[in-house]
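Down below is the structure, laid out as structure tokens.
Predicted model, so just to flag it, every value in this text is computed and none were measured. We name chains A, B, ... by the order of the sequence lines, and we start the count at 1 in each one.
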Number of protein chains: 2
Amino acid sequence: MSHRYLILGLLSERPMTGYDIKKRVQENLSTVTNASYGTLYPMLHRLLKEGAVKVKEIPQRSRPSKKVYRISQAGLDELQAWLKQPASDDQIKREFLLKLYLAKALDPQQLRALVDDRRDEIEARLRSLRAEKKEADSPQQVWVLDYALYLCRAEIDWLKQLEATLGVA
Amino acid sequence: MSHRYLILGLLSERPMTGYDIKKRVQENLSTVTNASYGTLYPMLHRLLKEGAVKVKEIPQRSRPSKKVYRISQAGLDELQAWLKQPASDDQIKREFLLKLYLAKALDPQQLRALVDDRRDEIEARLRSLRAEKKEADSPQQVWVLDYALYLCRAEIDWLKQLEATLGVA
DNA sequence: CCCGCCATGTAACACGTTACATGATTTT
DNA sequence: AAAATCATGTAACGTGTTACATGGCGGG
């Protein structure tokens, strides 16, 4: 459901096409969501039907006509109302955590390998986030990236400590 | 799909009923998943059909007969194979992050309120995790709780820093 | 006497991903 | 000559949540 507000939020900045929204999400919001066309287009249709957005069709030569969506007053109201509500609980789905919990079934060497691989992966992610931050051009983007960076560092610390306890045992 | 391995993993410790699994998940794994009966029972049926588990039905007076599931060799093999594979990417869905990103549409006071509320919430969560940790009785459980604790602390640090930059602006 | 625990399950709904379909234009 | 970009969309599939249905037993 929160893709609804993702769209309304982006349209509240400026009118956009579905295609624009997709690009914007990939560039700036990949930490938050991965919304695909299969989610975005149907949701735009729905928002239109419900009056939260309006659309202006711009014909193009030899291409599907561009549909520029613009948020309506009703849409703005809905967005505002949603923003004021406290955020619903996070849903973290960390397959890695599950594996770790189930690792009784694994011998110590394999467990060690699992943890080490994880650390490599997170460290790679940390580097790529740092690179992204250099390119960031809005405060909002920096906030989100910082968030991801803080979490990465925390996970690395935790992994180090975990490795230490595994080393002893 | 990973509920499949959740079930296999828990059954690899000892035979259990669907009801037992649900309880276990609520008690020890709420950080990782919230699997409901509507997920668990159908998955057990499927695992049975596919030969990854076996079942023993124990009739009871005036209650649905208890179905105790036990993992099969095929199931164990599948679990091992899965555990050895690197974990797939995390999917973090943080509604709060989205709100923050879209907060251009919000005036500074409301933004402030959003951030403050979040901090209260996370601090409450931190306390409840600490309490849970005292009750923990397996290393695995401590690992998972520690993970959640590290993330909580990181988020609080990030929020503090965010509050500071908001205060200045 | 009521509530929570035990214990199974299904059905409707909501959500999201992936792959497919189309096809010119611009960049490498 | 190939690949990426622009630009729309649908359909099948997979997964998960919620609410419903059933009903005795034990403790406060």
| Once you round to the nearest 0.5 Å, how far does NE2 of A:H3 lie from CG of A:L44? |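 Going from the NE2 atom of A:H3 to the CG atom of A:L44 covers 12.0 Å.
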
Does [X] put a side-chain nitrogen or oxygen below 4.0 Å from OP1 or OP2 of [N]?
X: B:Y41; N: C:dT8; value: yes
X: B:H3; N: D:dG16; value: yes
X: B:K67; N: C:dG9; value: yes
X: A:S36; N: C:dT17; value: yes
X: B:K23; N: C:dC6; value: yes
X: B:Q60; N: C:dA7; value: yes

Check the surroundings of atom [atom1] in [X]: do more than 12 heavy atoms from other residues, nucleotides or ligands lie under 6.0 Å from it?
X: A:R119; atom1: CZ; result: yes
X: B:R4; atom1: CZ; result: yes
X: A:R24; atom1: CZ; result: yes

| query | Which residues within residues 6-22 of chain B lie with some heavy atom under 4.0 Å of an atom in DNA chain C? | reply | B:T17, B:G18, B:Y19

| said: Given the ring of A:Y150, does A:R153 sit roughly above its face, with NZ or CZ under 6.0 Å from the centre of the six-membered ring and within 45° of the axis? | reply: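 So A:R153 does make the cation-pi contact.
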
| query | Of the nucleotides C:dG9, C:dT18, C:dG23, which one has an atom closest to the side chain of A:R63? | reply |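 Closest nucleotide to the A:R63 side chain: C:dG23.
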
| request: Check whether the side chains of A:D157 and A:Q161 place a donor and an acceptor atom closer than 3.5 Å, and report yes or no. | output: no

